[in-house]
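Positions are given from 1 along the sequence.
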Amino acid sequence: MIQEMIQEMNDQSIIEPIIERLNRVFEDISGLSGQSMRIMEVCGTHTRAIAKSGIRYLLPQEILLLSGPGCPVCVTPEYYIDIMISIADREDVILVTFGDMMKVQGTCFSLSDKKAQGAQITVVYSPEDALNIAAHHRDKLVVFVAVGFETTAPLIGVTVKQAKAGGLDNLFFLTALKRMEPVIRFILQDERNKINAMICPGHVASITGAEHFRFITEEFGIPAVVCGFESQDIAAGICRLLEQLTGKRDKKFVNLYQRCVTPNGNPIAQQMINEVFDIADGEWRGIGTIRNSALVLNDQYRYLDAVKRFEIKNEQYSSPLNCLCSEILLGLKLPKECRLFGSICTPEHPSGPCMVSSEGACAAHFKFGGDGKNG
């Protein structure tokens, strides 16, 4: 089935009509004389795919593709990194995390710095790995760093339930899980960024359902599409948005990723989120507090919360960023508008969070380049 899907997406009979449609739309745009169309993608995987595919090279200068806050590493606040480090400093703790979190800086240090100094930090590829580590190190306290969006929350929820069911009393969770809908509302309510259309986060939509994002069009009056991650998917999504923006089609919300995203999503995954987490206000790096944008362990599982277990004071201090990551996450700036981009700030020596993860806007632009206009 997967192989058939790949073959389908590489089929020239699918690609060529999309290019023809884009060319027709570009002819209409050529008369806009300097007016820009600002399209934001809100998924780190889309950000990387757009940069890697070179789609920006095909677009006329009137069309700006902007990257939103869809990379979990980019939006994890500094004080949360500091909490990780304070926990990792304990000799009786093994800190377990995804690899992307290793390089991002807290106030002074990153987890990579601490690991080099001898802290017990283990990189894993799945939350379930934390269960095995806890089971094999009963003399240690194991803390899993739980970051991500609705996409990863169900699997983390399963791990939380398994920890409780298995009686693992040495496994705890440091959660910084976030919800996508509130931050999209936050961005669209900010009149400074003037977003004209939006590519919705396909991974999140596979959990929540496409209908979860219909509000973008119905409440804010801009076209929005859910699309997949192949270059043809993204080109088709941009084409559909431009057809609406130029009046060739009516303005509406469209799900172009129906092979993976249903209207109402994955009910089992949604149930898992609802069973384990409560909704709370969340802190976003470089953005601030957004109401109802976080997922936290509910009363039934709060005893597994690492902040509670280690009695950590939740001091939400963040120092000002020296770079433009905040503005880039909100669609106000492009990576190359940052004076640090590519000079002081590189993937090997990142100054800001957008340069850390491969799905961060700056890292994607640095690796795959741009045309000087869109990045």
Participant: Using a strict threshold of under 4.0 Å (side-chain N to carboxylate O), is an ion pair present between R302 and D299?
Facilitator: yes

Participant: Might you confirm whether atom CD of Q117 has over 12 heavy atoms from other residues, nucleotides or ligands at distances under 6.0 Å?
Facilitator: yes

Participant: Checking Y257 now: which residues fulfil ring-ring contact (aromatic ring centres under 6.0 Å, His included) with it, not counting sequence neighbours?
Facilitator: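 Expected list: F229.
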
Participant: Kindly say whether V204 contributes a backbone atom to a donor-acceptor pair with the side chain of T208 at under 3.5 angstrom?
Facilitator: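 Checked: pair present.
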
Participant: Flag the pair W284 / S293 as yes when at least one side-chain heavy-atom distance between them is below 4.5 Å, and no otherwise.
Facilitator: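 Yes. Closest side-chain heavy atoms under 4.5 Å.
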
Participant: Group every Ile, Leu, Val, Met, Phe, Trp and Tyr by side-chain heavy-atom contacts under 4.5 Å, then state whether L340 and V73 land in the same group.
Facilitator: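 Each belongs to a different hydrophobic cluster.
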
Participant: To the nearest 0.5 Å, how far apart are OG1 in T159 and CG in L168?
Facilitator: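 Rounded to the nearest 0.5 Å, the OG1-CG separation comes to 11.0 Å.
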
Participant: Considering only NZ, NE, NH1 and NH2 on the basic side and carboxylate oxygens on the acidic side, decide whether R214 and E219 come within less than 4.0 Å.
Facilitator: no

Participant: Determine, stepwise, if the pair F172 / L297 fulfils side-chain contact (heavy atoms from CB on, under 4.5 Å).
Facilitator: CA-CA 11 Å; F172 301 90; L297 292 172; over 6 Å; no

Participant: For residues P223 and K252, determine if any side-chain heavy atom of one lies less than 4.5 Å from a side-chain heavy atom of the other.
Facilitator: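 No - every pair of side-chain heavy atoms lies 4.5 Å or more apart.
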
Participant: About how many Å separate CG of L65 and NE2 of H46, when rounded to the nearest 0.5 Å?
Facilitator: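 H46 NE2 to L65 CG: 11.5 Å, rounded to 0.5 Å.
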
Participant: Distance from I63 atom CD1 to S36 atom OG, nearest 0.5 Å?
Facilitator: 10.0 Å

Participant: With a 4.5 Å limit on heavy-atom distance, are the side chains of V261 and E211 in contact?
Facilitator: no

Participant: Decide whether a cation-pi geometry holds between R90 and F310; the criteria are a distance under 6.0 Å from NZ or CZ to the six-membered ring centre and an angle within 45° of the ring axis.
Facilitator: no

Participant: With the side chain counted from C-beta on, respond yes when R285 and Y80 share a heavy-atom pair under 4.5 Å apart, and no when they do not.
Facilitator: no

Participant: Taking V96 as the starting point, is it possible to reach V158 by hopping between hydrophobic residues whose side chains are less than 4.5 Å apart?
Facilitator: yes

Participant: Taking atom CZ of R249 and atom CD of Q244, what is their separation to the nearest 0.5 Å?
Facilitator: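 Between R249 CZ and Q244 CD, I get 7.5 Å after rounding to 0.5 Å.
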
Participant: Given E41 and S67, is the side-chain contact (heavy atoms from CB on, under 4.5 Å) satisfied, shown in steps?
Facilitator: CA-CA 5 Å; E41 86 273 357; S67 301; 2.7 Å; yes

Participant: Shortest non-hydrogen contact from T152 to V147?
Facilitator: OG1-O, 3.4 Å

Participant: Please report the shortest heavy-atom distance between L171 and L304, naming the atom on each side.
Facilitator: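 Of all heavy-atom pairs spanning L171 and L304, the closest is O-CD2, 3.5 Å.
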
Participant: Would you confirm whether R38, through its side chain, and G331, through its main-chain N or O, come within 3.5 Å as a donor-acceptor pair?
Facilitator: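 It does hold such a pair.
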
Participant: For R339, enumerate each residue passing the salt bridge (charged side-chain N to carboxylate O under 4.0 Å, His left out) test, keeping only those at least two apart in sequence or located in another chain.
Facilitator: none

Participant: We want to know whether T289 and D281 form a side-chain donor-acceptor pair, criterion being a heavy-atom distance below 3.5 angstrom.
Facilitator: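 Absent: no donor and acceptor within the cut-off.
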
Participant: Under 4.5 Å between side-chain heavy atoms, counting indirect links through other Ile/Leu/Val/Met/Phe/Trp/Tyr residues: same cluster for F109 and V123 or not?
Facilitator: yes

Participant: If only atom types and distance count, is the side chain of K178 paired as donor or acceptor with the main-chain N or O of E283 below 3.5 Å?
Facilitator: yes

Participant: Quick one: do V296 and V307 end up in the same hydrophobic cluster if we chain Ile, Leu, Val, Met, Phe, Trp and Tyr together by side-chain heavy atoms under 4.5 Å apart?
Facilitator: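 Looking at the clustering, V307 is in a separate group from V296.
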
Participant: Can you check whether L177's main-chain N or O pairs, donor with acceptor, with T175's side chain at less than 3.5 Å?
Facilitator: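 Such a contact is absent between T175 side chain and L177 backbone.
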
Participant: Is a side-chain donor or acceptor of N264 paired with a backbone partner of G209 at a separation under 3.5 angstrom?
Facilitator: no

Participant: Taking all non-hydrogen atoms of both residues, which atom of P335 and which atom of I328 are closest, and how far apart?
Facilitator: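 That would be CA-CD1, 3.7 Å.
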
Participant: Start with the C-alpha gap between S126 and D129, add the side-chain angles, then the distance that decides, and say whether side chain to side chain donor-acceptor pair (under 3.5 Å) holds.
Facilitator: CA-CA 6 Å; S126 167; D129 293 336; 5.0 Å; no

Participant: Decide yes or no on side-chain contact (heavy atoms from CB on, under 4.5 Å) for I55 and I234, but give the supporting numbers first.
Facilitator: CA-CA 8 Å; I55 284 176; I234 297 169; 3.5 Å; yes

Participant: Would you say Q258's side chain and N255's backbone share a donor-acceptor pair under 3.5 angstrom?
Facilitator: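 Checked: pair present.
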
Participant: Does V356 belong to the same Ile/Leu/Val/Met/Phe/Trp/Tyr cluster as I344, with side-chain heavy atoms less than 4.5 Å apart forming each link?
Facilitator: no

Participant: Considering only heavy atoms from C-beta outward, does the side chain of E181 approach that of F215 to under 4.5 Å?
Facilitator: yes

Participant: Using a 3.5 Å distance criterion without hydrogens, assess whether the side chain of S326 forms a donor-acceptor pair with backbone atoms of G286.
Facilitator: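 Yes, because the side chain of S326 sits within donor-acceptor range (under 3.5 Å) of the backbone of G286.
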
Participant: How far apart are the closest heavy atoms of I312 and A306, and which atoms are they?
Facilitator: CD1-O, 4.4 Å

Participant: Would you give the length of the straight line joining atom CZ of F366 to atom NZ of K336, rounded to the nearest 0.5 angstrom?
Facilitator: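 If I round to the nearest 0.5 Å, the distance is 10.5 Å.
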
Participant: Counting heavy atoms not belonging to D250, are there more than 12 under 6.0 Å from its CG?
Facilitator: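 No, CG of D250 has 12 or fewer neighbouring heavy atoms, counting only those of other groups under 6.0 Å.
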
Participant: Any side-chain heavy atom of F149 within less than 4.5 Å of one from C43?
Facilitator: no

Participant: Is H136 reaching over with its side chain to a backbone N or O of N132, donor-acceptor style, under 3.5 angstrom?
Facilitator: yes

Participant: Kindly compute the distance separating CD (E128) from CD1 (I156), expressed to the nearest 0.5 Å.
Facilitator: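 If I round to the nearest 0.5 Å, the distance is 11.0 Å.
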
Participant: Mind checking whether L95 and T122 have side chains closer than 4.5 Å, heavy atoms only?
Facilitator: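 Contact flag for L95/T122 side chains = no.
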
Participant: Is a side-chain N or O of R240 found less than 3.5 angstrom from the main chain of V254, in a donor-acceptor match?
Facilitator: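 Not a single qualifying donor-acceptor pair exists.
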
Participant: Anything under 3.5 Å between a donor and an acceptor, one on a side chain of residues 137-145, the other on a protein residue two or more places apart or in another chain? List them.
Facilitator:
unit_1	atom_1	unit_2	atom_2	d
H137	ND1	I133	O	3.0
R138	NH2	D169	OD1	2.9
K140	NZ	E91	O	2.8

Participant: Can a side-chain donor-acceptor contact be found between T47 and E359 if the only test is distance below 3.5 angstrom?
Facilitator: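 E359 vs T47: no donor-acceptor pair found between side chains.
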
Participant: Can you confirm whether F368 sits close enough to I50 that some side-chain heavy atom of one is under 4.5 Å from a side-chain heavy atom of the other?
Facilitator: no

Participant: Evaluate side-chain contact (heavy atoms from CB on, under 4.5 Å) for Q120 paired with V93, printing each intermediate quantity in order.
Facilitator: CA-CA 7 Å; Q120 297 183 82; V93 164; over 6 Å; no

Participant: What heavy-atom pair brings G360 and C71 nearest, and what distance separates the two atoms?
Facilitator: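 Result for this residue pair: N-SG, 4.2 Å.
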
Participant: Do any N or O atoms from the side chain of N274 and from the backbone of Q270 form a donor-acceptor pair under 3.5 angstrom?
Facilitator: yes

Participant: Given R259 and D233, is the salt bridge (Lys or Arg N to Asp or Glu O under 4.0 Å) satisfied, shown in steps?
Facilitator: CA-CA 11 Å; R259 65 184 188 275; D233 288 323; 2.7 Å; yes

Participant: Can you give me the closest heavy-atom contact between E275 and Y301, atom names plus distance?
Facilitator: O-CE1, 3.6 Å

